[in-house]
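As structure tokens, the structure follows; a few thoughts come after it.
Just so it is clear: chains get the letters A, B, ... in the order the sequence lines come, proteins before strands, and each one is counted from 1.
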Amino acid sequence: MLEKNYTPKDIEERIYQDWEESGDFKPDMRSSAEAFSIVIPPPNVTGYLHMGHALDETLQDILVRYNRMCGKKVLWQPGTDHAGIATQMVVEKNLAKEGISRHDLGREKFIETVWKWKAHSGGTICKQLRRLGASCDWSRERFTMDEGLSRAVLKIFVSLYKDGLIYKAKKLVNWDPKLMTAVSDLEVLQKETVGKMYYYKYPIVGEEGEFVRIATTRPETMFGDTAVAISKDNEKLKHLIGKKCKLPLTDRVIDIIADDHADPEKGTGAVKITPAHDFNDFEVGKRHNLEMINILNEDATLNENTPFAGLSTTEARQKTIEALDKLGLMEKIEDHPMVIPYGERSNAVIEPLMTDQWFVDAPKLAVDAIKAVENGDMQFVPKNYEKTYFEWMRNIQPWCISRQLWWGHQMPIWYAPDGTIFCEETEEEAQKAADKHFGKKVELTRETDVLDTWFSSGLWAFSTLGWPDQTEYLKTFYPTSVLVTGFDIIFFWVARMMMMSMYMMKKVPFKKCYIHGLVRDEQGRKMSKSKNNTVDPMETIEKYGADALRFFMAASETQGRDVNISESRIEGYRNFATKLFNAARFCEMNGCVKADDFAPEKVEAPLNRWILTKADAATYEITKNLEAFRFSDAANAVYQFVWGTFCDWFIELSKPVFYGQDEAQKAETRATAAFVLDRILLLLHPFMPFITTEIWNKTGKRNVKLIHAPWPKVEGEKRQVEAIDFAIDLIAAIRSLRADLNVPASAKPRVLLKNLKTDYLKDTASMIKSLARLENIEILQDDAAITQDMVQGVFSGGVFLMPLKGIVDFEAERERLKKELSQIESRLQGYAAKLSNDNFVSRAPQNVVEEEKRRQAEALEQKVKTTEALKRIENL
RNA sequence: GGGUGUGUAGCUCAGGUGGUUAGAGCGCUACGUUCACAUCGUAGAGGUCGCUGGUUCGAGUCCAGCCACACCCACCA
């Protein structure tokens with residue numbers, strides 16, 4: 001028995017618990033069925049569910065549940081990410097509240113504290129995923145820092161190192177002075193600002209009064225200048241090439257060199273070269289073998305290579321300008337639009353800094369990763385994202401993987417006292433290798449850097465399945481079937497997974513990659529805490545239920561586009577759930593219980609045959625769209641079938657049957673209703689798993705749980721459905737006419753059908769009478785019976801007449817008919833224009849022409865009828 | 001500078017291969033206490049499909065140009 005009211009919260013929590021406790025999310029490993037697998041994009045272990053997750057996980061759960069019902073062996077592999085920088089920052093912030101820094105604690109104690117924090121807050125997001133209904137196999141939950149995954153990290157690191165694909169280099173890297181670590185290119189955000197361009201000059205050595213003029217946005221870096229560059233094509237300035245200039249405020253003299261990096265059109269045409277603090281200058285420096293002078297400390301204050309040691313860059317900039325001005329070398333300062341790099345996590349200004357770092361040879365790894373997409377082993381959905389992927393992969397730079405953090409996978413690198421590097425999976429092995437190398441016992445020290453978080457996430461598709469062990473799960477579920485993620489993560493994660501997997505497994509990590517957009521606010525703006533326009537999915541679920549939120553996500557997901565969150569739409573889908581719930585109650589109250597021996601093909605009543613046909617059409621539509629990842633089309637098809645077809649028409653049309661006397665027909669209709677309701681529960685389950693399960697469990701005995709029930713296969717049989725479509729069209733036409741003429745709801749007029757070409761009325765008269773609120777409906781036997789007060793309406797099956805004397809205002813009816821006539825007239829003009837066009841008639845396909853002629857004939861007929869009707873009531 | 005998208009009803013958006021009178025939800029208007037549901041029902045109003053050309057018998061759909069807007073990548077001394 002269903003409850004009187006639909007209360008999502010009670011239903012959803014209870015049902016999820018049952019699924020998880022019963023092991024319903026676990027694949028049946030004994031089955032020989034085809035495998036289907038998804039690895040979850042691991043959320044930050046200490047994070048909270050946001051709408052982006054809600055979208056991502058909903059889509060995955062729909063695919064997982066659909067494929068599970070299709071009988072496949074399904075694994076949805078869950079887990080979380082240690083999120084190096086993000087997590088370390090949170091913990092450091094907490095410590096700061098107590099006035100402690102991580103350095104006070106020391107590395108070991110600090111890491112202990114992070115683990116404690118993880119234990120404390122780490123379960124939240126997984127609980128939230130459960131609340132959403134995600135049917136992951138939680139018994140297999142993994143964490144990027146757990147023992148197994150760490151082993152995978154070590155193994156692949158050593159392998160890459162020994163293959164020469166990981167190397168150490170002193171290079172200019174993006175340095176985050178707040179976090180005091182290197183970060184990758186992807187972790188740097190370029191922000192537009194209006195800065196200043198400073199113009200000043202360096203005196204030429206040996207030529208009194210001669211200068212080379214410089215333009216720069218960062219005058220304080222001049223202490224790191226080791227040359228000035230001018231293009232050899234710069235007619236105005238090329239005479240300076242080869243000369244030397246004095247670097248003011250220092251005792252250094254630097255060369256003026258020829259380099260095409262200096263664009264004659266830009267700035268002054270002469271560029272100060274600071275190889276240790278600018279990526280372009282670094283390249284110039286390499287070309288000309290320039291000295292690289294580092295002028296910054298790790299916290300971005302100036303160092304002792306400058307006169308302003310200890311000052312911040314902004315303070316030093318001011319001092320530098322003042323000092324240059326005093327020397328009479330400043331020329332001017334102009335406003336200048338520019339882009340400044342910021343750390344995506346710390347929001348600190350990123351400084352290019354010369355440091356020792358570790359790199360992955362991404363350009364080499366990209367080769368196979370590109371090939372796998374080119375040859376279709378991995379397909380993006382929608383396809384156009386492969387362009388983004390190729391674009392990036394073909395221009396990929398070495399990937400800086402070392403981070404000067406404490407929270408993360410410490411690199412398996414050991415140094416001998418003389419600096420020789422040993423890379424092994426364990427300290428013992430490294431020691432052994434070192435001892436062998438030196439022929440004696442040496443003391444090793446371990447590299448303190450940890451790996452970029454995305455290094456371990458890059459292994460996620462196979463490390464979670466047990467690799468490096470050749471587990472049953474790895475064999476069964478790798479490569480995974482599809483990865484579902486946002487476009488913002490293609491470079492960070494999708495590309496890295498492709499590279500790591502192709503390198504280690506020689507197979508793609510997933511056969512398809514479904515890319516969705518961002519979740520935005522109702523007006524399409526990006527959600528952010530500062531704009532205060534974020535919507536908390538947990539609050540939404542609390543208010544409307546997880547089913548409503550899920551359905552919203554599915555219905556809004558059109559390939560490639562962003563999703564705008566809309567409370568009114570979510571509310572609408574909650575209403576949809578309520579509607580279904582009440583429809584189920586209607587069935588229940590009318591004794592519609594599932595009959596095991598029900599055979600759809602033996603059904604006789606036109607209404608029942610009709611709804612079965614519609615159910616098959618909907619099944620086909622939904623299945624087709626799910627297979628093609630067309631989530632919104634699938635969701636809309638099920639919505640339309642449930643509300644627009646089953647509730648609005650089938651249930652309404654079944655009422656005269658249930659309230660009537662024909663017991664045989666009642667029995668058949670009950671069985672049909674139960675069958676179709678079951679079909680609805682099956683089709684809707686991937687989208688709304690909770691309410692469908694609740695109804696499934698409480699309406700009749702079942703020999704299978706809904707979550708494992710077989711997805712309906714559509715048979716080809718075409719049933720006769722025209723009689724019901726005829727009735728629906730007629731009912732709608734009568735209702736429309738009644739509304740136009742203000743026929744009171746209580747009035748029960750008669751209806752006469754004219755020129756009826758079919759005998760559909762025999763089966764449908766009682767339902768038409770009931771739904772159109774008529775006293776009677778019959779076929780007009782003789783035109784002589786037409787009275788003046790008969791108002792005429794048209795519908796697809798012909799013409800009907802309704803005597804309305806004393807009920808309506810005939811002036812309104814005359815107006816209506818005139819309007820209708822003019823509409824018919826304009827349609828006729830359209831048809832005539834087309835059909836009199838020789839080009840159309842001769843070139844358009846025959847069936848299109850025929851169809852046009854048919855419509856013309858139909859409209860002509862309507863014109864005649866309508867004119868007659870108007871004439872008839874002319875004087876009333 | 002390179003790339004990718006978007007512009008359709010008051011709002012948010014659907015409209016795989018060109019072909020009925022361009023759709024949905026919300027909102028709006030009128031009516032409705034029919035015993036599944038007012039978290040509902042019935043009916044309705046509302047659109048020069050960004051602009052201009054082109055291809056075609058036929059263009060929201062294909063092509064070109066333009067105008068807006070969004071995002072991504074690179075760079076700007």
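In the set B:rU4, B:rA43, B:rG41, the nucleotide with an atom closest to the side chain of A:A732 is B:rA43. Closest approach to the A:N575 side chain among B:rU34, B:rG19, B:rU39 is made by B:rU39 (side chain taken as heavy atoms from C-beta onward). Here B:rU21 is the nucleotide among B:rU34, B:rG16, B:rU21 with the atom lying nearest to any side-chain atom of A:Y831.
Nucleotides B:rG1 and B:rG54 place their P atoms 30 Å apart, quoted to the nearest Å. Atom P of B:rA24 sits at a distance of 12 Å from the matching atom of B:rA43, rounded to the whole Å. Taking atom P on both nucleotides, B:rC49 is separated from B:rA9 by 10 Å, rounded to a whole Å.
Across all strands shown, B:rC28 is found opposite B:rG44 as a Watson-Crick or G-U wobble partner, with both distances under 3.5 Å. The pairing partner recorded for B:rU34 is none, the criterion being a Watson-Crick or G-U wobble arrangement whose two distances lie under 3.5 angstrom. Across all strands shown, the partner of B:rC71 is B:rG3, judged by Watson-Crick or G-U wobble contacts whose two distances both fall under 3.5 Å. Pairing for B:rG53 goes to B:rC63, judged as Watson-Crick or G-U wobble with the two contacts each under 3.5 Å.
At a cut-off of 3.5 Å, with distance as the only test, a side-chain donor of A:E187 or A:S184 sits close to an acceptor on the other residue.
Residue contacts shown for A:S736 are limited to sugar-phosphate atoms, with no base heavy atom under 4.0 Å away. If you check every strand for non-hydrogen atoms under 4.0 Å, A:A583 touches a base.
Note on A:E334 versus A:K332: salt bridge recorded, some NZ/NE/NH1/NH2 to OD/OE distance being below 4.0 Å. Between A:R630 and A:E557 there is no salt bridge, since no side-chain nitrogen of the basic residue lies less than 4.0 Å from a carboxylate oxygen of the acidic one.
Remark: A:K579 is in phosphate contact with B:rG41, judged by side-chain N or O atoms under 4.0 Å from OP1 or OP2.
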